[in-house]
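Counting from 1, the numbers follow the sequence of the chain as shown. Atoms within each ligand, like the ligands themselves, are counted from 1 in listed order.
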Amino acid sequence: MSEKNNLSGTEKIKMASQGLRGTLKESLLDAHTGAIRESDQALVKFHGMYLQDDRDRREERSRKKLEPLYAFMIRLRLPGGFMTPEQWIGLHHIAGNYSTGTIKITTRQTIQLHGILKSHTKPTISAFNTMHLDSIAACGDVNRNVTCASHPKESPLHEEIYQFAREISVHNLPKTRGYYEVWMDAEKLVETTEEDPLYQDRYLPRKFKVGIAIPPNNDVDVFINDLGLIAIIEDGVLKGYNFAAGGGLGSTHGNAATYARLGSMLGYVPKEQALKAMYEVITAQRDFGNRSDRKQARLKYTIDKMGVDNYRAEVEKRCGFSFEPARPYEFTSRKDAYGWSQNHEGKWYYALFIENGRVVDESNYPLKTGLLKVAETGKANFRFTCNQNLILSDIEDGDKAAIEQILQEHQIINSTETSSPMRKNSMACVALNTCGLAMAEAQRYLPTLITKIEPLLQKHQLQDEDIVVRMTGCPNGCGRSPNAEIGFVGTSLGKYNLHIGGDRLGARLNTKYKDSLDESRILETLDELFGVYVQERKSGETFGDFSQRKWIDGE
Ligand code: SRM
Ligand code: SF4
């Protein structure tokens with residue numbers, strides 16, 4: 001079993017937390033600081049929040065001998081990334097009242113708000129609660145937001161699979177009512193702590209992510225999840241899921257014991273047994289995962305330590321049934337189907353491009369106002385994608401023209417249609433100014449860098465290529481840079497490792513090609529690589545496949 005001795009500090013905090021309550025109530029009442037106690041900082045994550053500080057203002061505040069400008073980030077639990085128009089309206093106002101105002105669509109299909117002062121955390125959570133939204137288990141050592149293929153047009157079975165994502169999310173929620181007691185002053189119903197058969201008193205060794213893909217689209221990037229499920233549909237019927245376990249993209253510069261990894265195939269499970277199998281994949285990680293070194297605690301390391309076959313056998317033993325051989329499936333794309341499309345019921349969908357998921361009004365692009373206007377019609381649902389985009393969905397034929405007019409008036413259609421393919425295939429993580437782990441900019445810089453790369457693409461006549469480019473401000477991989485065709489990984493302010501060779505569909509990791517390049521070296525290097533690519537590529541060969549063959553495998 002797992003390391004019993006030498007538990008990490010976080011393990012001890014979890015055990016002593018009385019169902020994740022810790023001293024959060026006391027921390028919130030402490031008016032001397034905008035922060036909370038250190039042990040509570042670990043616990044607040046399980047409630048979907050991070051304590052952060054504005055890194056742009058650190059120096060100035062320190063000069064004035066002030067504490068850092070502390071504020072909270074709140075992440076919603078939103079399985080499958082679905083919101084009603086009423087919820088979007090509520091979110092819009094909560095963002096305006098309590099946060100920086102920017103609504104951030106994340107790479108896991110949910111929403112984050114930043115810059116929420118300690119005194120505003122309870123009103124924010126309460127306001128979400130009145131809209132039937134919560135942030136429970138959006139972060140922390142638990143099963144996180146369950147992602148699910150976002151475009152219902154892909155399959156008439158989308159609704160069934162989406163409901164399964166919701167079921168997984170609810171099934172794996174921690175049993176503690178601490179969330180309601182801390183944030184909404186709910187009465188304490190139990191004297192001790194609640195029994196929690198899944199999480200017990202130590203929760204999981206580390207975060208745990210589940211995602212469900214519906215072939216032929218891999219928009220959820222299924223192989224990066226601790227547990228990725230691939231829906232197997234035969235003759236128009238959902239039969240079950242292929243289970244891929246042990247994905248994860250984070251690593252630490254200079255620490256070879258940490259690495260990005262794509263999920264290994266455990267096998268196929270009929271849909272009737274899928275919930276049980278999912279549950280036991282998690283309990284095996286709970287019991288065998290590393291509890292002393294958090295850098296080795298994700299499922300990917302447990303599986304590599306035990307071996308895939310042993311891990312599978314352990315899960316089978318717990319399930320009382322075996323995985324069948326994985327069934328055939330094919331992914332043909334990973335991007336969002338931008339623009340209008342209609343599903344099998346005749347309902348309309350508009351997938352719009354939102355650069356790096358940042359919903360904000362700019363002088364010449366009133367995106368946030370436009371989306372509020374759409375929501376106010378009550379005629380479109382909001383579905384977030386794992387590519388940080390938004391699908392306005394379930395629009396009746398008779399309402400399409402009115403929605404289209406709003407989208408036109410607010411430049412939304414124009415932005416989606418005129419952005420270049422590279423931009424529309426790009427993604428960046430939050431990084432500065434809120435992420436405490438960022439070594440370099442990401443979402444605030446990638447748009448500018450792409451503007452400088454676009455002329456190079458034109459020069460080599462590659463402007464119509466769907467090259468997937470992703471940037472992260474550190475090697476944790478939040479913007480999934482390790483499986484992009486071109487991945488930029490921040491090393492220090494203004495410098496990035498350049499990775500190439502990921503495939504377009506998310507089934508192969510990229511490899512570091514150059515260390516710590518500044519902008520001019522990035523542009524110079526890409527110019528060179530694009531030149532060779534256009535000269536030597538085989539017909540139909542993607543940039544990622546070519547890079548792997550030419551520069552990584554060195555064929
Ligand atoms: Fe992430 C930590 C943002 C998706 C791997 N991630 C963080 C924190 C909370 C920083 C921290 O621990 O203090 C970042 C908060 C920044 C901020 O200011 O908001 C952060 N991660 C994000 C988001 C918002 C990026 C985005 O711009 O969309 C994504 C939120 C997803 C969500 O809604 O739940 C986000 N993070 C990811 C992904 C991609 C995915 O899951 O599809 C990964 C890679 C996959 C994986 O999990 O391996 C990812 N985040 C990490 C890691 C590395 C974990 C590891 O075990 O290697 C960390 C650091 C950690 O956990 O210690 C991290
Ligand atoms: Fe922060 Fe690094 Fe994640 Fe970017 S990849 S959000 S810099 S932890």
Using modelled atom types and a 3.5 Å cut-off, is there a donor and acceptor pairing between side-chain atoms of Asn290 and backbone atoms of Arg294? no

How far is atom 42 (O) of ligand 1 from its nearest protein heavy atom, and which residue and atom name does that atom have? Arg480 NH1, 2.7 Å

Would you mind telling me if ligand 1 is within reach of the side chain of Lys104, the backbone, both or neither, using heavy atoms under 4.0 Å? side chain

Walk me through it: do Phe72 and Tyr50 pass the test ring pair (Phe, Tyr, Trp, His ring centres under 6.0 Å)? CA-CA 6 Å; Phe72 289 77; Tyr50 278 78; 10.0 Å; no

Residues passing the salt bridge (charged side-chain N to carboxylate O under 4.0 Å, His left out) test with Lys12, sequence neighbours excluded, are none

For atom 8 (C) of ligand 1, is some protein heavy-atom partner under 4.0 Å away? no

Flag, side chain of Arg77 to backbone of Cys139, donor-acceptor distance under 3.5 Å: no

Side chain, backbone, both or neither: which applies to Arg206 and ligand 1 if a contact is any heavy-atom pair less than 4.0 Å apart? side chain

Provide the number and element of each atom of ligand 1 under 4.0 Å from a heavy atom of Arg108. 31 (C), 32 (C), 33 (O), 34 (O), 40 (C), 41 (O), 42 (O)

When you measure from atom 58 (C) of ligand 1 to every protein heavy atom, which one gives the shortest distance, and what is it? Lys207 NZ, 3.3 Å

Nearest heavy atom to atom 19 (O) of ligand 1 wins, so pick from His114, Lys209, Met427, Lys295. His114

Side chain Ser426, main chain Arg423, donor-acceptor under 3.5 Å: yes

Is there a side-chain contact between Cys474 and Met439, using heavy atoms and a 4.5 Å cut-off? yes

Any chance the rings of His171 and Tyr279 have centres within less than 6.0 Å? yes

Which ligand 2 atoms does Gly477 reach within 4.0 Å, using its non-hydrogen atoms? 5 (S)

Identified side-chain contact (heavy atoms from CB on, under 4.5 Å) partner of Trp183 from the options Val44, Asp134, Thr124: Val44

Measuring from atom 17 (C) of ligand 1, which candidate in Arg294, Gln52, Arg298, Arg358 has the nearest non-hydrogen atom? Gln52

Other residues, nucleotides, ligands: >12 heavy atoms within 6.0 Å of Arg508 CZ: yes

Would Phe331 and Tyr329 count as a ring pair (Phe, Tyr, Trp, His ring centres under 6.0 Å) here? Give the steps. CA-CA 7 Å; Phe331 288 129; Tyr329 65 91; 5.2 Å; yes

Under-2.8 Å neighbours of atom 1 (Fe) of ligand 1, protein N/O/S atoms only: 1

Can you find an N or O of Gln109 that's nearer than 3.5 Å to an N or O of ligand 1? no

Compute the centroid of each ring, for Phe382 and then for Phe82, and state whether the two points are separated by less than 6.0 Å. no

Classify the contact between Ala428 and ligand 1 as side chain, backbone, both or neither, using a heavy-atom distance cut-off of under 4.0 Å. backbone

Could you tell me which residues satisfy side-chain hydrogen bond (donor to acceptor under 3.5 Å, both in side chains) with Asp293, sequence neighbours excluded, listed by chain and number? none

Test item: Arg358 side-chain N/O and Ile354 main-chain N/O as donor-acceptor pair under 3.5 Å: no

With nothing but distance in play, are any N or O atoms of Ser251 less than 3.5 Å from an N or O of ligand 1? no

Select the closest option to atom 34 (O) of ligand 1 among Arg77, Arg144, Arg75, judged by heavy-atom distance. Arg75

Please find out if less than 6.0 Å separates the ring center of Tyr445 from that of Tyr496. yes

Atoms of the protein (N/O/S only) found under 2.8 Å from atom 1 (Fe) of ligand 2: Cys435 SG

Is the NZ or CZ atom of Lys424 both under 6.0 Å from the centre of the six-membered ring of Tyr338 and within 45° of that ring's axis? yes

Give the single entry among Ala442, Ala297, Cys435 that approaches atom 10 (C) of ligand 1 most closely by any heavy atom. Cys435

Looking only at protein heavy atoms, identify the closest one to atom 48 (O) of ligand 1 and say how far it is in Å. Leu249 N, 2.6 Å

Does ligand 1 come near enough to Thr110 that some N or O of the ligand is less than 3.5 Å from an N or O of the residue? no

